[in-house]
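Structure record follows, encoded as structure tokens.
Labels below follow one simple rule: chain letters A, B, ... track the order of the sequence lines, proteins then strands, and each chain is numbered from 1. Computed from a predicted model, the values in this text were never measured in an experiment.
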Amino acid sequence: MADPLDLDDDLSYTPQAGGLAARAQSAARSNAAYLDGLNPEQRRAVEVIDGPVLVLAGAGTGKTRVLTTRIAHIIATGSAYPSQILAVTFTNKASREMKERIGHMLGQVAEGMPWLGTFHAIGTKILRRHAELVGLKSDFTILDTDDQIRLMRQVIRAEDIDEKRWPARALASFIDGWKNRGLTPDKVPAGEASAFANGKGGKLYTLYQERLKQLNAADFGDLLLENLRLFREHPDVLQAYQERFKYMLVDEYQDTNVAQYLWLRLLAQGRRNVACVGDDDQSIYGWRGAEVDNILRFEKDFPGAVVVRLERNYRSTGHILATAGKLIAHNQGRLGKTLFTDDEEGEKPTLTGAWDSEEEARLIGEEIEALQHKGHSLADMAILVRISAQMREIEDRFVTLGLPYRVIGGPRFYERAEIRDALAYLRVVANPTDDLAFERIVNVPKRGLGDATIEQVHLYARKAQIPMLEAVRRLIETDELKPKPRGALRELALSFGRWSTLIETMKQGELAEQILEESGYTDMWQKERTADSAGRLENLKELVRSMDEFPDLGAFLEHVSLVMEMTDNDTAERVSIMTLHGAKGLEFDTVFLPGWEEGLFPNQRALDESGRAGLEEERRLAYVGITRARRRAKLYFASNRRIHGMWNATTPSRFIDELPPEHVEIIDAPAGFGGHGGYGRSRFDQGGFGGSSYSTPGWQRAQTQAQPKAQPATRKGPMLIEGELVAKSTGTASNFNEGERVFHIKFGYGAVASVDGNKLTIDFEKAGRKMVLENFVERG
DNA sequence: ATTTACGCATTTTTT
DNA sequence: ATGCGTAAAT
């Protein structure tokens, strides 16, 4: 790129026949079919393209449709070329979805939207063009969280600070917070800068930034922060982008942090054609820097802004919306929306009290099986929990029941250790100066290189101002190293040399395979026969497979650093388990919401740390949870829950008391059918307990109205006695024999201790003795 | 240098 | 309860 500021390079181009713009224009002429089926508010949100617009889009009101149609409209009316529209999202998923839908709408893939992407992807794109202006080279590497923390640890050590008292993790969160707020080291308020490491916080931040520049690297926060610096220090650059972006669109505006807000505001100061779409009631990321205020003060920032409220809900039934609406009405400081629907009232959301969390899991399992037998698809059901720790009991229950489930969230593909290790090898091959990657794998698999040796290399590298790999090459020619490490390092350096030459001739997937093989990395996992080693090897294979979809190794690595996920096309029939945060933007016919207890939900920590604001965010989380449901929302609370391995008595969530009794059905939990008197008896039978909210008039009324439900005849689940399976034995002989070695996806390897029908008792090497259904194990 | 043992904390998660 | 990370033992 000769002149990075020559942004208009692709603007002089005439739309080709059949190109995106041409097709769109013809669509517009022919009568704008894309506008059909929009309700009046949606239409307004689409058609008012000039000037600032704030679209308050409630849950399920067609937000994405409005965004994509708006883009199509801008293109179709010839108001701008696709390359002049900036459209930012938070997640790759959202931007992928938008790309797809726009392409659909305009009849082809939206290759023509170069500026549709996440904040970070677009920030990266801009930064690479002007890297020199902020002290980077355009091929700078993007650090992941691991790299970031390792680098900070080095900085902390170099400053001779006690790592115990001031862990790198904590510094990382400080720096992250500053970057989220758009604060460069010099702008950090003195008070905050000195809160870390006896006043050294600010200095550490400065040093960390210096190290990043030395390494020609940027962390996630920098991708935006350096943009800000770029725009502020180089008005000509800013102006070029202001002119380029005729129209700007922002998705999930309620989730923007200060840095993103400042970035947008700088760009929007040009033409002021900025449309922000969001829902203040769904702001649930305050804890990572999102500022609901951004959306609340939009009209002040952009005087004369058109505000459109989307309140017609196309997702949920009446009772569900009424329940969610009543709950969220308890929040103050909202812009205020009331969702409505033309849909039927539907089933009332249900509330079930369980004796303990185990019973809660059991009840959910039974309900799912009952629905399944009525013909409902497991893929249309989800369990939404407040914290990940709640998943375990539910998973355990599902494993026992043989109910297929999938956990959404959890460690993502590119965050898995084995993937990061493999990537580190590739990074070093692609870029021998990537010290952080080199350090990550220098002793993985174990090569007998310890801290002492690494430190030696470090020292040498720093003295000679060369990358570590180069330092290794020189060191092995001297006799400064002990023979053993010297041999290991020589071997490694030779390998990297060899691999580097292959990069030209070999497809990256093949190369990766060879590297993993020759480095002994795959061997390492093959030798480790634990429950997940097989999965790890499978992940590595998947990685290699996916690599060849990219033109070259560099393109692949760039993708990986920005897109920390892998598109999985697992369409198998399973129930989803995820956190409430992870559920945002999704919808299901049936949603299970366990754990509505004080302390858990609202979460005590959120309350302690953020007070009323924390409570309101928790309430929004509850709102998000309920509004995920299309037809059925099922709330649960338990009177006893195991927390950190200890049983605690709990009280029902205050949110339960905020629900409208007339829209909620109270389910009398079936008493334990194992014969324990009162076991599993609903708390409602005991009247107001523990000073909880159950003495309020509304709920007393609700309780008396509650139909004591008969033991559901539809319950098709296996018979249970104290949670043990009694009726699922098929009587048929098992495929497994005593003493046989087996593998279980969750518990790993073990030996069959006894066989009972299709149930096996297995002594697992790691997990101990468990009883599992035989279809969950395979011969090991 | 690597293995084992003990102490400690433990919401939510994207890029 | 459980895992993770650092400290002592091999």
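- With B:dT13, B:dA1, B:dT3 as the choices, the nucleotide that has an atom nearest any side-chain atom of A:Thr453 turns out to be B:dA1.
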Point to revise | Base-pair map of DNA chain B as dot-bracket, where | denotes pairing with a different strand and pairs are Watson-Crick or G-U under 3.5 Å | key: ||||||||||.....
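- The two residues A:Glu418 and A:Tyr521 have their closest heavy-atom pair at CA-OH, 3.2 Å.
- Regarding A:Met391, its CE atom lies at a distance of 18 Å from the P atom of C:dT2, rounded to whole Å.
- Both tests hold for A:Arg288 against A:Tyr285: distance to the six-membered ring centre under 6.0 Å, angle to the ring axis within 45°.
- Judged by the 6.0 Å and 45° rule, A:Arg420 forms no cation-pi pair with A:Tyr414.
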Exercise for review: Test salt bridge (Lys or Arg N to Asp or Glu O under 4.0 Å) on A:Glu226 and A:Arg229 and set out the steps.
Suggested key: CA-CA 5 Å; A:Glu226 294 291 4; A:Arg229 199 147 78 82; 2.9 Å; yes
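- Here the options are A:Asp434, A:Asp147, A:Asp146, the test is salt bridge (Lys or Arg N to Asp or Glu O under 4.0 Å), and the partner is A:Arg440; only A:Asp146 passes.
- If you measure from atom CG of A:Asp162 to atom P of C:dG5, you get 17 Å, rounded to the nearest angstrom.
- Counting to the nearest Å, the C1' atom of B:dT15 and the CG atom of A:Asp147 are 14 Å from each other.
- Summary of the strand contacts: A:Pro485 and A:Ser561 both lie near DNA chain B, and taking for each the nucleotide with the nearest heavy atom, the more 5' one is attributed to A:Pro485.
- Taking the nucleotide of DNA chain B with the nearest heavy atom to each of A:Phe220 and A:Asp451, the more 5' of the two is matched to A:Asp451.
- Atom CD of A:Gln604 is separated from atom P of B:dA9 by 18 Å (rounded to the nearest Å).
- Atom CD of A:Glu415 has more than 12 neighbouring heavy atoms from other residues, nucleotides or ligands inside a 6.0 Å radius.
- Checking the phosphate oxygens (OP1, OP2) of B:dT2, a side-chain nitrogen or oxygen of A:Asn443 falls inside 4.0 Å.
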Nucleotide N/O of nucleotides 6-10 of chain C paired with protein N/O under 3.5 Å:
{"residue": "C:dT6", "atom": "O3'", "partner": "A:Lys164", "partner atom": "NZ", "Å": "2.7"}
{"residue": "C:dA7", "atom": "OP1", "partner": "A:Lys164", "partner atom": "NZ", "Å": "2.4"}
{"residue": "C:dA7", "atom": "OP2", "partner": "A:Lys164", "partner atom": "NZ", "Å": "3.3"}

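- A ring-ring contact (aromatic ring centres under 6.0 Å, His included) with A:Phe174 is found for exactly one of A:Phe196, A:Tyr208, A:Tyr205, namely A:Phe196.
- As judged by a 4.0 angstrom heavy-atom cut-off over every strand, A:Gln148 is placed among residues making no nucleic acid contact.
- Atom CZ of A:Phe413 is separated from atom P of B:dT15 by 16 Å (rounded to the nearest Å).
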Tabulated below should be each protein N or O lying under 3.5 Å from an N or O of nucleotides 10-12 of chain B; please produce it.
{"residue": "B:dT10", "atom": "OP2", "partner": "A:Arg605", "partner atom": "NH1", "Å": "3.4"}
{"residue": "B:dT10", "atom": "OP2", "partner": "A:Arg605", "partner atom": "NH2", "Å": "3.4"}
{"residue": "B:dT11", "atom": "OP1", "partner": "A:Arg605", "partner atom": "NE", "Å": "3.3"}
{"residue": "B:dT11", "atom": "OP1", "partner": "A:Arg605", "partner atom": "NH1", "Å": "2.2"}
{"residue": "B:dT11", "atom": "OP1", "partner": "A:Arg605", "partner atom": "NH2", "Å": "3.1"}
{"residue": "B:dT11", "atom": "OP2", "partner": "A:Arg605", "partner atom": "NH1", "Å": "3.3"}
{"residue": "B:dT11", "atom": "O2", "partner": "A:Arg386", "partner atom": "NH1", "Å": "3.2"}
{"residue": "B:dT11", "atom": "O2", "partner": "A:Arg386", "partner atom": "NH2", "Å": "2.3"}
{"residue": "B:dT11", "atom": "O4", "partner": "A:Glu609", "partner atom": "OE1", "Å": "3.1"}
{"residue": "B:dT12", "atom": "OP1", "partner": "A:Ser388", "partner atom": "N", "Å": "2.7"}
{"residue": "B:dT12", "atom": "OP1", "partner": "A:Ser388", "partner atom": "OG", "Å": "2.9"}
{"residue": "B:dT12", "atom": "O4'", "partner": "A:Arg386", "partner atom": "NH1", "Å": "3.1"}
{"residue": "B:dT12", "atom": "O2", "partner": "A:Trp287", "partner atom": "NE1", "Å": "3.3"}
{"residue": "B:dT12", "atom": "O2", "partner": "A:Arg386", "partner atom": "NH2", "Å": "3.2"}

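- Annotation: A:Asp479, atom CG; neighbour count of heavy atoms from other residues, nucleotides and ligands within 6.0 Å does not exceed 12.
- Between the side chain of A:Ser283 and the backbone N or O of A:Asp280, no donor-acceptor pair lies under 3.5 Å.
- In summary, A:Glu252 and A:Lys63 engage in a salt bridge, as defined by a charged side-chain N under 4.0 Å from a carboxylate O.
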Practice item. Show the numbers, then the answer: is there a side chain to side chain donor-acceptor pair (under 3.5 Å) between A:Asn648 and A:Asn640? Key: CA-CA 5 Å; A:Asn648 290 77; A:Asn640 294 283; over 6 Å; no
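- Between A:Tyr241 and A:His130, the ring centre distance stays below 6.0 Å.
- In this structure, A:Trp263 places its CH2 atom 13 Å from C1' of B:dT15, rounding to the nearest Å.
- Atom CG of A:Asn648 and atom P of C:dA1 are 13 Å apart (whole Å).
- One atom, OH of A:Tyr414, and another, P of B:dT15, lie 13 Å apart when rounded to the nearest Å.
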